[in-house]
Amino acid sequence: MSGVRSVLFSFASDSYRYAVREIREAFPGEHRFERLGAEVARLADTAVPVEEFAAACDEGRIMFVRHLTREIAGYPLDDLPTEPELATTLLEEITAKSVAVQTWVDGTGSSYHHLIVDALAARGVTSTRSGQEIVVSGVAVGKQLLIGVNRLADSLSDWPGGRMRLARGDERVSRSEFKLEEAIATFGLDLPAGGKALDLGASPGGWTRILRQHGQEVWSVDPGSLDPRLRGDRRIHHEATTAGRFFTSNRVRFDVVVNDMRMDQLMSARMTLDAAAQLRRGGLAIVTLKGGGKNPLDGARRGIDVLRERYDVLHARQLHHNRNEITVVARKHE
C-alpha cells in the first residue's frame, strides 16, 4: 500500500490546525490539505507512505490525528455506484476474504454501511465491524461518500473515524472512565496481572474502577470521597490525602500510575514526574495533559518534555473521549 495517494485523516473539530501543523513538521515539504468537514480532512496526492504517517502518530510526533485511511474512491451522494461497480473498485485494493467495514457520518445523514457490506458480500468477501487486518472505511461528508482502505495496524483505531463508542452502564462511576478504557484499548496496553496501581486524583473513582477491572490492586489518592460502590472492595485502598503527602509516606512500589487530575500540562507532568519514584523500573504511567489555552500543541509538548526526564514516552494522542487534553502513555526508565 504505497505510492502517491490521498490520505483521509480524522481529528477533533477544534484541532484541525494543530493536526496540520504537526503533519507539516513531521514531513517537511509541499503538502495540500483539504478540510472536508468538521472532523475529517484530506492530505491530497501525498507521497508520504501511510505506514510512516501512522508511525509518526503512534510515536506521539503527531498527537492530534485520530484515524487514517488511504482514499481509493469518492462518489456524489446523489450518484452513488451500483453494488457491482463499488465491488470492482474495492477488489482492486483488497485480496483478503474477510475485512472490517467501518462507516461514519461527518454531519448528518446515512453512513451507507450496507452499500459497502452488500457490495463485498456479492463478491464473496465477508465483513465484520472490527477485528480484521484490513479495514474498509466509508465516510459521508458534505455531499459525497469517500471510500478508504487501510491496514488496521496503520489506522490508529479499530473504530470508525477513531470514534470509539462505549456503553454508558449503571455501573459506571464517572464519564472519565471512557478515557482510560479507550487508552488501554487503542494503545494495546497490557497491565500486569495482579499488579499494583496508583491512581492520583482518584475521586470519585472512575479510573480506579477500570484499573480493578484490569486486575490491579489500587491505591486511590484523593482528599475527596470515592463512590460508595467501591468502598467494599478490599483491593482498593483509599488514601484520603494529597499526592504530595502520600509520596512522602508511601513504601509501596507500583507497576502503574495514572493521573487524570485537573491541572495544566506542566503541573500534571511534574506531578507524574514526582510519581516516578513510586514506580518500579519499567513501570507504566498514563496521564492526561489538559488545557493549553490558545496553544495546546506547544503546551502538550512542554509537558511531554518534562515527562522525558524520567520516562520513555510511548504514545501521545488526543483520543475520542479526550476533550481539551492529550493522553500520554510512558514507561519509567529502566
Side-chain angles (χ1 to χ4, degrees), residues 9-12 14-28 52-68 156-157 162 176 179-180 182-189 191 197-201 207 243 247 254-334:
F9 61 97
S10 300
F11 45 86
D14 57 355
S15 296
Y16 173 68
R17 62 189 182 277
Y18 308 121
V20 168
R21 178 181 156 194
E22 289 182 303
I23 295 166
R24 290 190 186 280
E25 292 175 355
F27 302 105
E52 292 184 18
F53 198 157
C57 296
D58 198 49
E59 294 163 4
R61 290 187 287 132
I62 297 174
M63 297 181 284
F64 286 91
V65 170
R66 292 175 171 168
H67 184 270
L68 297 171
L156 306 185
S157 172
S176 70
K179 295 187 288 185
L180 184 56
E182 184 177 4
I184 291 171
T186 298
F187 300 129
L189 304 182
L191 305 188
L198 174 61
D199 183 1
L200 301 176
W207 282 33
F247 293 162
F254 297 99
D255 302 287
V256 183
V257 59
V258 300
N259 176 4
D260 189 38
M261 299 176 77
R262 291 187 178 92
M263 298 177 169
D264 68 26
Q265 293 105 320
L266 282 179
M267 290 180 65
S268 191
R270 287 170 181 152
M271 178 67 72
T272 307
L273 197 68
D274 291 342
Q278 316 297 315
L279 276 175
R280 303 180 192 277
R281 289 183 179 179
L284 200 65
I286 306 170
V287 54
T288 53
L289 300 181
K290 303 178 188 300
K294 296 181 179 180
N295 199 336
L297 172 54
D298 288 341
R301 285 174 171 174
R302 286 192 293 270
I304 288 171
D305 285 342
V306 169
L307 290 171
R308 286 195 171 110
E309 294 177 25
R310 301 198 68 179
Y311 295 94
D312 296 318
V313 174
L314 306 178
H315 309 284
R317 191 175 305 162
Q318 187 178 46
L319 299 172
H320 176 66
H321 289 100
N322 291 138
R323 290 180 176 175
N324 298 317
E325 60 193 0
I326 297 290
T327 295
V328 179
V329 180
R331 190 173 300 283
K332 182 181 175 180
H333 294 159
E334 294 284 355

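Heads up: numbering here begins at 1 and tracks the sequence.
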Where do Arg61 and Glu22 land on the side-chain contact (heavy atoms from CB on, under 4.5 Å) test, with the steps shown first?
CA-CA 7 Å; Arg61 290 187 287 132; Glu22 289 182 303; over 6 Å; no
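- Remark: side-chain polar atoms of Arg281 are not paired, donor with acceptor, to backbone N or O of Lys332 under 3.5 angstrom.
- Side-chain contact of Thr288 with Asn322: a donor-acceptor pair under 3.5 Å is absent, judged by distance alone.
- Looking at Leu273, Val257, Leu307, Val258 one by one, the single match for side chain to side chain contact (heavy atoms under 4.5 Å, CB included) with Val287 turns out to be Leu307.
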Would you check, one step at a time, whether the test side-chain contact (heavy atoms from CB on, under 4.5 Å) holds for Leu279 with Arg310?
CA-CA 11 Å; Leu279 276 175; Arg310 301 198 68 179; over 6 Å; no
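- Looking only at side-chain heavy atoms (C-beta outward), Asp58 and Arg317 come within less than 4.5 Å of each other.
- Side-chain contact check for Leu191 versus Asp255: every heavy-atom pair is 4.5 Å or farther apart.
- Proximity of Leu156 to Phe9: side-chain heavy atoms (C-beta onward) are nowhere separated by under 4.5 Å.
- Checked against the 6.0 Å centroid criterion, the rings of Phe11 and Phe64 do not qualify as a close aromatic pair.
- Taking the charged nitrogens against the carboxylate oxygens, Asp305 and Arg302 have no contact shorter than 4.0 Å, which rules out a salt bridge.
- Nearest heavy-atom pair across Met63 and Ala300 is CE-CB, 4.0 Å.
- Panel note: side chain Gln265, backbone Gly291; a donor-acceptor pair is recorded below 3.5 Å.
- Counting heavy-atom neighbours within 6.0 Å of Arg21 CZ, excluding the residue itself, gives a total above 12.
- Below 30°, between 30° and 60°, or above 60°: for His315 and Phe187 the angle between ring planes is below 30°, a parallel geometry.
- Pairing each heavy atom of Thr327 with each of Ala183, the nearest pair is CG2-CB, 3.9 Å.
- Summarising the geometry of Thr272 relative to Ala285, their closest heavy-atom pair is CG2-CB, 4.0 Å, with the distance given to 0.1 Å.
- Considering only heavy atoms from C-beta on, Arg66 comes within 4.5 Å of Gln318 through its side chain.
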